[in-house]
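Values below: every heavy atom of this structure, side chains too, minus hydrogens, waters and symmetry copies.
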Amino acid sequence: MNVRTRYAPSPTGTPHLANMRVALFDWLLARRNGGAFILRIEDTDQNRLVEGAVDEQIEALTWLGLDWDEGPDKGGPFTPYVQSQRLNLYQDAAQRLLTEDKAYPCFCTAERLDQLRARQTAAKQAPGYDRLCRWLTPADRQQRIAAGEPYVVRFAVPLEGETGFADVIRGEVVVQNSTLDDFVILKSDGYPTYHLASVVDDHHMQISHVIRGEEWIPSAPRHQLLHQALGIGPPFFVHLPLILGPDRRKLGKRHGAAGVLEYRQGGYLPEALINFIALLGWSLDDRTEVIDRSTMLETFTLERLSPNPGIFDPDKLRWMNGEWIRRLDEDDLAQRILPYLVRELPETADEADPVLVRRIVPLIQTRMEVLTDAYPLTAFFFTQEILVTADDLLGKRFRDEPAAAVMALDTAAKALAGLAAWTHTEIEGLMRALTEELGLKPRDFFGLVRMAVTGAAVSPPLFESLEILGREKTLERLARARMVLE
């Protein structure tokens, strides 16, 4: 089979996890089978278009490394790949269905449809069109069209029988035609609805598999009917399960979910997000959590897609991101950290020198879960002045013995000033010897120096940090801390 998949976003909002899960599975299926992955923009709902939404979709795909073979920017054998530029195809299909009495013009106004829906709701009936215009005579239709009366085109659903379609995940799904109303396929402005446009484009672009969320299952029988009416074969349907929050309710912002590009802003790696999204409906086996892209490409099959909902766990995503950070080589991590440091450093701070950042990386790589962790862990390397209070410095240990804290700082400063070689091994040996001389526990003495030099109770390894910070800055900060205590 010539596998051709498509990711067809509607530019009505920012791309989210469910969007990218569809794109990822489309991409994996195409790449795994030597096929083509197509980007198509479905912009027929002109009233809901959001400026910049197409650019965001493209940016998200690019960031995640989901490259496409055909699309608006690349062209291809079925150009154009923007639905608003293909209106003649949908109008021709609608006209064909009208000519064959498989569709009809509907002149019902919005007011009438609202009233109909209200009556049905009051009577506790399923809302749906009552087919009033289906029974108009051809002469009535022509007369109203000639008079310029606006109308939509509705598909004439068979009144009896049943319609089924095969879903790769769920098997055969069958519905009674009596449960389907005559749905709109062409709006009064000449734009198609999703139903007609997607069916026509999937056939025209030779799409072999349609992967989408299970919320589209109720629409699938309609699409099957359109395929039959147009005399075209349907693609394979793959309806992915919902993504739920930890409370098993439909995923939303209340669960901490964000737009895909917000995860980039928050310091997540594309490798980690791809890994996490893949496991929201697919699995390699029953135990492997961290999976790289090459393994996915070697092992991805539709048979391993699950019908069970995927559970969004923000803590797991953060953990997984930390695992991927630890997989990066240090040069790569330094390059990825740099933009986040530049973004966070205040104007008064020293410049985020790439050479300095590279030296710092080994100290913080195991302590990070997201790239934005880099700044709070390393700010003291770039900040010109550390702001600490006496309470910060004294803590519990020296609260009642401030003179002991001053003596400890003086002793450390004097000894460090005379240290022959400024390396972390020499610094550590000296500092450990001083703890015995001062009669202090290492955690108390080192904690005091750490607070004086870094401004934090927790920091990267102290002695390696002092080596990178340098003798001059270390001594300046010890002296400033002593002044605070005085």
Side-chain angles (χ1 to χ4, degrees), residues 2-15 19-20 22-27 29-31 34-98 103 152-153 155 184-213 216 219 222-223 226-227 229-237 260:
N2 183 21
V3 173
R4 289 177 58 83
T5 63
R6 49 77 162 173
Y7 174 57
S10 176
T12 55
T14 187
N19 295 144
M20 290 300 108
V22 169
L24 172 61
F25 291 165
D26 276 322
W27 184 84
L29 183 63
R31 294 288 177 263
F37 175 52
I38 293 99
L39 173 62
R40 186 173 77 214
I41 304 303
E42 298 193 340
D43 62 343
T44 56
D45 192 347
Q46 294 285 297
N47 294 326
R48 297 178 58 225
L49 298 186
V50 175
E51 186 176 355
V54 172
D55 293 335
E56 285 195 14
Q57 292 282 352
I58 290 176
E59 190 175 353
L61 290 171
T62 302
W63 177 59
L64 293 174
L66 304 179
D67 57 314
W68 53 98
D69 304 292
E70 303 168 24
D73 57 333
K74 294 188 176 183
F78 304 107
T79 192
Y81 291 85
V82 179
Q83 285 188 335
S84 61
Q85 300 171 14
R86 301 166 59 84
L87 297 184
N88 61 310
L89 287 173
Y90 319 125
Q91 292 166 359
D92 289 347
Q95 185 57 52
R96 174 182 164 188
L97 294 174
L98 285 169
V152 300
V153 176
F155 183 77
V184 176
I185 59 173
L186 196 70
K187 294 175 281 190
S188 58
D189 60 3
Y191 276 79
T193 61
Y194 170 80
H195 305 302
L196 180 64
S198 64
V199 166
V200 169
D201 280 344
D202 288 341
H203 171 68
H204 187 252
M205 295 180 180
Q206 301 177 8
I207 301 301
S208 62
H209 296 75
V210 169
I211 302 177
R212 57 190 180 189
W216 289 106
S219 296
R222 296 179 169 88
H223 299 169
L226 281 170
H227 282 107
L230 292 169
I232 56 180
F236 289 100
F237 288 113
V260 171

Checklist line | Criterion side-chain contact (heavy atoms from CB on, under 4.5 Å) on Arg86 and His204, from CA distance to verdict | finding: CA-CA 11 Å; Arg86 301 166 59 84; His204 187 252; 3.0 Å; yes
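- Minimum interatomic distance between Thr5 and Ala30 (heavy atoms only, all atoms of both residues): OG1-CB, 3.6 Å.
- Annotation: the span from Ile38 atom CD1 to Glu70 atom CD amounts to 4.5 Å, rounded to 0.5 Å.
- Asn2 pairs by the side chain to side chain donor-acceptor pair (under 3.5 Å) definition with nothing, not counting sequence neighbours.
- Taking 4.5 Å as the limit, some side-chain heavy atom of Arg31 sits within range of a side-chain heavy atom of Asp69.
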Throw together a table of side-chain donor-acceptor distances under 3.5 angstrom for residues 53-62, partners on residues two or more places apart or in other chains.
from, atom 1, to, atom 2, distance (Å)
Glu56, OE1, Thr14, OG1, 2.8
Gln57, OE1, Tyr7, OH, 2.6
Glu59, OE2, Arg264, NH1, 3.3
Glu59, OE2, Arg264, NH2, 2.4
Thr62, OG1, Ile58, O, 2.7

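- Contact check for His223 versus Pro234: no side-chain heavy atoms found under the 4.5 Å cut-off.
- Across every non-hydrogen atom of Tyr81 and Leu39, the tightest pair is CB-O, 3.7 Å.
- Rounding to the nearest 0.5 Å gives a distance of 8.0 Å between CZ of Phe25 and CD1 of Ile211.
- Gln83 and Ser198 get closest at one heavy-atom pair: NE2-N, 4.1 Å.
- Residues Val153 and Pro192 form no side-chain contact, since every pair of their non-hydrogen atoms from C-beta on lies 4.5 Å or further apart.
- The CG atom of Leu98 sits 6.5 Å away from atom CD1 of Ile185, with the distance rounded to the nearest 0.5 Å.
- For the pair Val199 and Ile232, the minimum side-chain heavy-atom distance is below 4.5 Å.
- Between Val200 and Leu89, the shortest heavy-atom contact is CG1-CB, 4.2 Å.
- Within the 4.5 Å cutoff, no side-chain heavy atoms of Asn19 are placed close to those of Val260.
- Within 6.0 Å of CZ in Phe236 there are 12 or fewer heavy atoms belonging to other residues, nucleotides or ligands.
- The two residues Lys74 and Trp68 come nearest to each other via the heavy atoms NZ-O, 2.5 Å.
- Contact annotation: the side chain of Ser84 never approaches that of Thr44 to less than 4.5 Å [non-hydrogen atoms, C-beta and beyond].
- Thr193 places a side-chain N or O within donor-acceptor distance of the main-chain N or O of Val184, the cut-off being under 3.5 Å.
- The shortest heavy-atom contact between Arg96 and Ala229 is NH2-O, 4.2 Å.
- Looking at His203 and Leu226, their side chains never come closer than 4.5 Å, going by heavy atoms from C-beta outward.
- Looking only at side-chain heavy atoms (C-beta outward), Tyr191 and Leu87 come within less than 4.5 Å of each other.
- Between atom CG of residue Asp26 and atom NE2 of residue His209 there is a gap of 10.0 Å, rounded to the nearest 0.5 Å.
- When the shell of 6.0 Å around CD of Gln46 is examined, it contains more than 12 heavy atoms from other residues, nucleotides or ligands.
- Side chain of Gln206 to backbone of Arg4: no donor-acceptor contact under 3.5 angstrom is found.
- The line from CG of Leu196 to CZ of Phe155 is 10.0 Å long, rounded to the nearest 0.5 Å.
- For residues 38-50, the set of pairs meeting the salt bridge (Lys or Arg N to Asp or Glu O under 4.0 Å) definition, not counting sequence neighbours, comprises Arg40-Glu42, Arg40-Asp201, Arg40-Asp202, Asp45-Arg48.
- For the atom pair OG of Ser10 and CD1 of Ile41, the computed distance is 9.0 Å after rounding to the nearest 0.5 Å.
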